[in-house]
Amino acid sequence: MKWYFGLFVVSGFCSILYEVIWLRSAMAQFGVTTPIVSLVLSAFMIGLGLGSYAAGYIVRKYGDHLGFPVLRLYALTELLIGVSATVVPLQFLWGREILLKLVYGMSFSSWAYFFPAGVWIAIVLVPWCACMGATFPFAMAAIRQMPGIDSQRSFSYLYLANVFGAVAGATVPLVLIEFLGFHRTLLVGAGFNVLLATCAFCLSLKLGIAKPVADQPPAAPTAVSHADDRRLLWLLFGTGLTSMGAEVVWVRIYTPSLGTVVYAFAAILAIYLASTYLGSAIYRRKPRPDTLDDGGLWILFGISVLFAFLTADPRIPMPGVLRALLGIAPFAFAAGFITPMVLDRYSEGDPDRAGTAYAVNIAGCMLGPLLAGFILLPLIGERFALCLFALPWLVAGLRVRRVSSLSFWNPRAASAFSVGLVIVSIACTLWAKGYEEQFQTRWVRRDSTATVIATGSGRAKRLLVNGVGMTQLTPVTKMMAHLPLAFLSRPPQKALVICFGMGTSELAMLSWGIDATAVELVPSVPLAVTFFHPEAKTLLQTPRAHIIVDDGRAYLERSSGQFDVITTDPPPPLEAAGSSLLYSKEFYAIAKHHLRPGGILQEWFPGGDQAITASVARAISESFPYVRAFSSVEGWGIHYLASMSPIPDRSASDLVARMPAGAVQNMMEWGPASTPAAQFDLMLDHEIPVSSIIQLDAAMPPLQDDRPINEYFLFRRLSDPAFDKLVWQFVKGH
């Protein structure tokens, strides 16, 4: 049995590794949007469920007539999974090329784009993920054929091993990606899968053709009724739905304290998986199937769902990682205890029943994120979403008379205590405050992508997305538009702003009297523009203003538009997950095809460590023949101007002379200089040679999609003298 434990540890590691990298690959090819993320995760889950169900059916229908050990079917699935590691990114690339031919030049339509994208993602992922889902029934069938082995609880045994490997899969790949990039990290995973296939095949040779399942001594008759079957399946569906739905809420409420870096998401996943493992391990050591009939178990399970909102209360001083640990671990522990228990009780070692049960659990896992992300969070917010997920379990617990886990005195006292515990838990959740409630002046909107907060007054207004500060009212965002427009060799006609933010750059573009399109990823962000700019409502209603809700890079790929200026202001922090897709060579290759002759790309770089700074500069300089870099008017960050044509060497007065009166007025609204020429001189006098920026770390390669240097930085910063400070900032929260 130890062989099977080892096989599933490595298998769990590879599955999470592939899920993380495939999701990122899909985002690079189809867009960093909530629908794309949902489509990828849904296809992943559908594949797991179908594979589990189909493998169970195969074992039941043909297991006795295969003529070879069932373990070889497991070996085959692992080999196919290894093949998928490198094939899937190529399939995504082919899909993007096909999709662009279908939608290129069309006006943006979510249905016209996301439907064919979703179909292709399903075609790519479902078959390969079905191989992953098939591993459980095939391994259970192999265990069942082994003489002298108690297979009644084989699912929980394999589940425990799989979760243990998944914990490593949530953390170790971050190190591999930093050193190897995505492609070579996938090769590492593929190597492990080939090793698994080899080991399983060799083990099957050692075991030989085991006695058919049908010839094994029959299992003890079970007392499980059809009604109990249905109840167990509903429990599996419910635990999957609650677990994955709550995970979407966790990301939303813990982002303000953990940040948006990949290590923050990994921390949430690692806490969940490690706690799930502990719960499963406790169940394995002390199995008590009758615990499922204990109302106290379900009451405690429901209450644990509510912990997250309590620990996220900004009034409670607590390190960020500790917030996530206390909020997630109790629920994940309970889920890890309950899920394998229900699966064991339903399957009783039968691979066919296990495949069905696991597929039902995965169906709940698929529906949970969709329900939370697209319905509950936009309509009722984080607090009541968690309450709704907890409610069925609390009701179920109160309806069960037997509450032995809460029976401190007698059944009547236990029931009263249960009711009181539920009431107190709900009251505490209602008492707790969400992140946005700490701001007296605020504008709040929730959508399927994020919670958007506009707060502050005067020049101190701020825009926060999921609690992370995006931007503020600053002349820097005005100069992202005015600087490249003034450097053009001809009067501008059309411009594009990638990342709408507060709308400052878009309004600056419109002050030139040109057509200005702004692309914003978060649907609620453009709605906040009048909070920051009261005059914006009138200006943005003009025929020249266009606001598109989409991923900026994906919009460019699907658009046939040509622009005089493209200005980008990627969302901070620079290390944010997915941010490299707007700093990579692949993005610049797309952008330069949408510049009119003599057009200019303005790339805002807020600043980073030497490696990131050099990598971004090298990516731009290798993508465009003409690049200039200027420090901002506030003395921090870099404005890159890149073009396929020479960028004229103009004086400050020349730049001002090219501006319409409305543009000059817009530029000088917040200073900091006293005259327009002095405003430009603040930048022209601080031009930075791009070669000197690259020399900050001459050995660093250009930033590419496969090597997002800005997002994966842990070991690079181990040598940073300020690393301890950076770690402490992450632990205690932002």
Side-chain angles (χ1 to χ4, degrees), residues 100-101 103-108 477-500 505-520 540 542-548 550-570 581-605 619-630 639-650 654-660 662-663 666-667 680 683 690:
L100 288 179
K101 292 178 181 178
V103 302
Y104 189 79
M106 295 172 57
S107 60
F108 173 73
T477 51
K478 289 179 176 288
M479 299 308 291
M480 293 177 192
H482 294 304
L483 183 68
L485 288 171
F487 263 108
L488 284 174
S489 58
R490 62 175 183 277
Q493 296 178 3
K494 295 180 65 176
L496 174 67
V497 176
I498 295 180
C499 302
F500 181 83
S505 297
E506 171 73 356
L507 295 175
M509 293 285 191
L510 291 172
S511 71
W512 283 70
I514 62 175
D515 286 345
T517 300
V519 183
E520 172 57 47
L540 294 177
T542 64
R544 292 187 177 278
H546 311 279
I547 299 178
I548 306 295
D550 193 8
D551 170 68
R553 174 167 160 170
Y555 170 78
L556 272 180
E557 285 203 288
R558 296 195 301 270
S559 169
S560 59
Q562 296 288 301
F563 304 95
D564 296 295
V565 165
I566 299 174
T567 187
T568 69
D569 181 14
L581 295 174
L582 291 178
Y583 286 113
S584 66
K585 288 186 69 175
E586 289 82 355
F587 168 69
Y588 298 135
I590 297 167
K592 65 186 180 184
H593 287 299
H594 290 272
L595 288 173
R596 296 176 63 195
I600 296 175
L601 169 73
Q602 187 279 161
E603 177 79 279
W604 169 246
F605 180 78
I620 297 176
S621 64
E622 290 185 5
S623 301
F624 291 90
Y626 302 98
V627 182
R628 299 179 68 177
F630 303 90
H639 294 274
Y640 285 101
L641 300 186
S643 180
M644 299 303 293
S645 303
I647 300 173
D649 189 11
R650 304 188 191 281
D654 290 337
L655 295 175
V656 174
R658 304 179 66 80
M659 298 178 67
N666 177 277
M667 183 178 72
F680 277 119
M683 303 179 71
V690 177

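Because the structure is predicted, anything quoted here is derived from the model rather than measured.
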TODO: I would like to know whether L641 and L483 meet side-chain contact (heavy atoms from CB on, under 4.5 Å); could you show each step before the answer?
DONE: CA-CA 9 Å; L641 300 186; L483 183 68; 4.1 Å; yes

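- For the pair S505 (side chain) and T477 (backbone), a donor-acceptor distance under 3.5 Å is present.
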- [ ] Any chance you could lay out the side chain to side chain donor-acceptor pair (under 3.5 Å) test for E603 and Y588, step after step, and finish with the verdict?
- [x] CA-CA 10 Å; E603 177 79 279; Y588 298 135; 2.8 Å; yes

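- The distance from the CZ atom of F563 to the CG atom of L496 is 4.5 Å, given to the nearest 0.5 Å.
- The residues R628 and D649 are annotated as salt-bridged, a charged nitrogen and a carboxylate oxygen being separated by less than 4.0 angstrom.
- In terms of heavy atoms, F487 sits closest to R650 at O-NE, 3.6 Å.
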- [ ] Might you work through the side-chain contact (heavy atoms from CB on, under 4.5 Å) test for I548 and E520, ending with a clear yes or no?
- [x] CA-CA 6 Å; I548 306 295; E520 172 57 47; over 6 Å; no

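- Between D550 and V519 there is a side-chain heavy-atom pair separated by less than 4.5 Å.
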Open item on the list: Is there a side-chain contact (heavy atoms from CB on, under 4.5 Å) between R490 and D564? Walk through the geometry before answering.
Closed with: CA-CA 9 Å; R490 62 175 183 277; D564 296 295; 2.7 Å; yes

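- Side-chain contact between F630 and M479: absent, with no pair of heavy atoms (C-beta onward) separated by less than 4.5 Å.
- In plain terms, the two heavy atoms of A545 and L540 that are nearest each other are CB-O, 3.6 Å.
- Under the 30°/60° scheme for interplanar angles, the aromatic rings of H639 and W604 are found to be tilted.
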TODO: Could you check H482 against W512 for side-chain contact (heavy atoms from CB on, under 4.5 Å), going step by step and ending with a plain yes or no?
DONE: CA-CA 9 Å; H482 294 304; W512 283 70; 2.9 Å; yes

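- Atom-to-atom distance recorded for Q602:CD and I498:CD1 is 11.0 Å, nearest 0.5 angstrom.
- Note: S489 OG to I647 CD1 = 10.5 Å, rounded to the nearest 0.5 Å.
- Residue I514 comes nearest to A495 through the heavy atom pair CD1-CB, 3.8 Å, listed as atom of the first residue, atom of the second, then distance.
- Scanning both residues, A481 and A508, for their nearest heavy atoms gives CB-CB, 3.7 Å.
- A donor-acceptor pair under 3.5 Å links the side-chain atoms of R553 to the main chain of L581, judged by distance alone.
- Side-chain atoms of H594 come within 3.5 Å of backbone atoms of G561 as a donor-acceptor pair (strictly under, hydrogens ignored).
- How far OG of S621 is from OH of Y626: 14.0 Å, rounded to the nearest 0.5 Å.
- Scanning both residues, M509 and T567, for their nearest heavy atoms gives CE-CG2, 3.4 Å.
- The backbone N or O of S623 sits less than 3.5 Å from a side-chain atom of K592, completing a donor-acceptor pair.
- With E506 contributing its side chain and I547 its backbone, the two residues share no donor-acceptor pair below 3.5 Å.
- Here the straight-line distance linking atom CZ of R544 with atom OG1 of T517 works out to 11.5 Å at 0.5 Å rounding.
- Checked by atom type and distance alone, the side chain of S643 never pairs as donor or acceptor with a backbone atom of P646 at under 3.5 Å.
- Contact detail for L488 and G599: the closest heavy-atom pair is CD2-CA, 4.2 Å.
- Shown here are the side chain to side chain contact (heavy atoms under 4.5 Å, CB included) partners of L595, two or more places apart in sequence or in another chain: I566, L601, F624.
- Note: D654 CG to M659 CE = 13.0 Å, rounded to the nearest 0.5 Å.
- Remark: side-chain polar atoms of S559 are not paired, donor with acceptor, to backbone N or O of L556 under 3.5 angstrom.
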